[in-house]
Amino acid sequence: MLLDNPIPFETIGEEDTETSRTYLVDWGRGRIGGFIDGEGAVRQFIKKALMTPRFKCLIYDSQYGSEIQDRLMDPGASMEYIEAEVAFLVEDALIHDGRILGVGDVEVIFGAGYPVHDSAYIRAEVDTIFGVIHVEEAV
């Protein structure tokens with residue numbers, strides 16, 4: 001029995017090109033339903049990649065997810081070290097997707113809990129094939 005490919009291909013001339021079409025995550029209701037494509041799919045990927053801890057979800061390969069939460073929970077890491085490292089970690093979490101062209105202006109805003117930071121907000125500008133997306137995510 002063959003299963004349908006959840007990410008369809010479009011034929012452009014002689015080449016097959018993978019689209020951005022994927023399942024839609026309803027973050028507010030905690031459900032997956034319907035589909036999303038284009039810039040919306042890239043926005044969803046950014047949020048999901050930043051929220052997913054790297055190396056801890058067996059369904060994903062070693063390139064998917066981020067190590068930001070691990071750095072925030074490290075009691076030996078100073079705020080200065082985390083601020084310096086976060087730009088690299090955000091770019092590393094996102095750049096493996098072909099729709100992402102670059103990441104810049106990364107900023108981290110810490111929540112309560114120093115020296116173990118229990119929350120933070122990440123702000124960044126992500127240059128994509130659909131234009132620049134301004135990101136602000138809790139991690």
Side-chain angles (χ1 to χ4, degrees):
M1 179 173 152
L2 294 175
L3 298 176
D4 290 332
N5 184 353
I7 302 175
F9 286 82
E10 295 177 351
T11 301
I12 300 173
E14 297 290 319
E15 299 179 25
D16 287 339
T17 305
E18 192 170 352
T19 70
S20 294
R21 188 170 189 232
T22 188
Y23 294 102
L24 173 65
V25 177
D26 182 341
W27 301 102
R29 295 176 51 199
R31 294 180 174 246
I32 295 175
F35 293 94
I36 191 169
D37 199 358
E39 182 182 333
V42 174
R43 287 181 180 278
Q44 180 174 283
F45 161 76
I46 292 168
K47 180 178 183 90
K48 194 166 171 287
L50 292 175
M51 290 176 51
T52 303
R54 186 175 281 174
F55 310 120
K56 295 186 178 151
C57 299
L58 298 177
I59 191 170
Y60 300 117
D61 67 17
S62 62
Q63 291 184 335
Y64 192 85
S66 80
E67 299 171 65
I68 297 169
Q69 292 175 355
D70 291 339
R71 295 295 195 277
L72 291 173
M73 299 302 283
D74 182 357
S78 68
M79 290 175 76
E80 293 79 16
Y81 171 76
I82 293 170
E83 287 173 340
E85 188 76 3
V86 162
F88 167 77
L89 294 172
V90 169
E91 182 174 13
D92 189 50
L94 303 178
I95 204 70
H96 301 286
D97 188 297
R99 300 168 295 180
I100 306 295
L101 304 175
V103 179
D105 295 331
V106 178
E107 179 183 8
V108 61
I109 299 131
F110 295 104
Y114 185 80
V116 177
H117 309 289
D118 58 1
S119 66
Y121 288 94
I122 302 293
R123 289 185 185 155
E125 290 188 4
V126 181
D127 188 14
T128 75
I129 62 172
F130 299 104
V132 174
I133 295 176
H134 302 281
V135 175
E136 186 170 331
E137 289 297 331
V139 291

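Rounding to the nearest 0.5 Å gives a distance of 10.5 Å between CD of Gln63 and CG of Asp97. To the nearest 0.5 Å, the span separating CZ on Arg43 from CD on Glu137 amounts to 10.0 Å. Atom CD in Glu136 sits 7.5 Å away from atom OH in Tyr121 (nearest 0.5 Å). From Ile133, atom CD1 reaches atom CD1 of Ile100 across 6.5 Å, with rounding to the nearest 0.5 Å. Of the inter-residue distances, the one linking Asp61 atom CG with His96 atom NE2 reads 8.5 Å to the nearest 0.5 angstrom.
The side-chain heavy atoms of Thr128 and Glu39, taken from C-beta on, include no pair separated by under 4.5 Å.
Residues meeting the salt bridge (Lys or Arg N to Asp or Glu O under 4.0 Å) test with Glu91, sequence neighbours left out: none. Residues that satisfy the salt bridge (Lys or Arg N to Asp or Glu O under 4.0 Å) test with Lys56, not counting sequence neighbours, are Asp70. Residues passing the salt bridge (Lys or Arg N to Asp or Glu O under 4.0 Å) test with Glu83, sequence neighbours excluded: none.
Paired with Ile122 under the rule side chain to side chain contact (heavy atoms under 4.5 Å, CB included), one option of Ile109, Ile46, Val90 passes, and it is Val90.
At a threshold of 4.5 Å between side-chain heavy atoms, the hydrophobic network of Ile, Leu, Val, Met, Phe, Trp and Tyr places Ile36 and Leu94 in two separate groups. When hydrophobic clusters are built by joining Ile, Leu, Val, Met, Phe, Trp and Tyr residues whose side-chain heavy atoms come closer than 4.5 Å, directly or via intermediates, Leu101 is grouped together with Ile95. Note on Val103: it does not cluster hydrophobically with Val132, by side-chain heavy-atom contacts below 4.5 Å among ILVMFWY residues.
At least one donor-acceptor pair under 3.5 Å links the side chain of Gln44 to the backbone N or O of Tyr23.
The two residues Arg54 and Ala93 make their nearest non-hydrogen contact at NH2-CA, 3.8 Å. Counting all heavy atoms, side chain and backbone alike, Met51 lies closest to Ala138 at CG-O, 4.5 Å. Of all heavy-atom pairs spanning Ser20 and Gly38, the tightest one is CB-N, 3.7 Å.
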- request: Evaluate side-chain contact (heavy atoms from CB on, under 4.5 Å) for Leu50 paired with Val135, printing each intermediate quantity in order.
  value: CA-CA 11 Å; Leu50 292 175; Val135 175; 4.3 Å; yes

task: With side-chain contact (heavy atoms from CB on, under 4.5 Å) as the test, would you mind laying out the steps for Glu67 and Asp92 before giving the verdict?
output: CA-CA 9 Å; Glu67 299 171 65; Asp92 189 50; 4.2 Å; yes

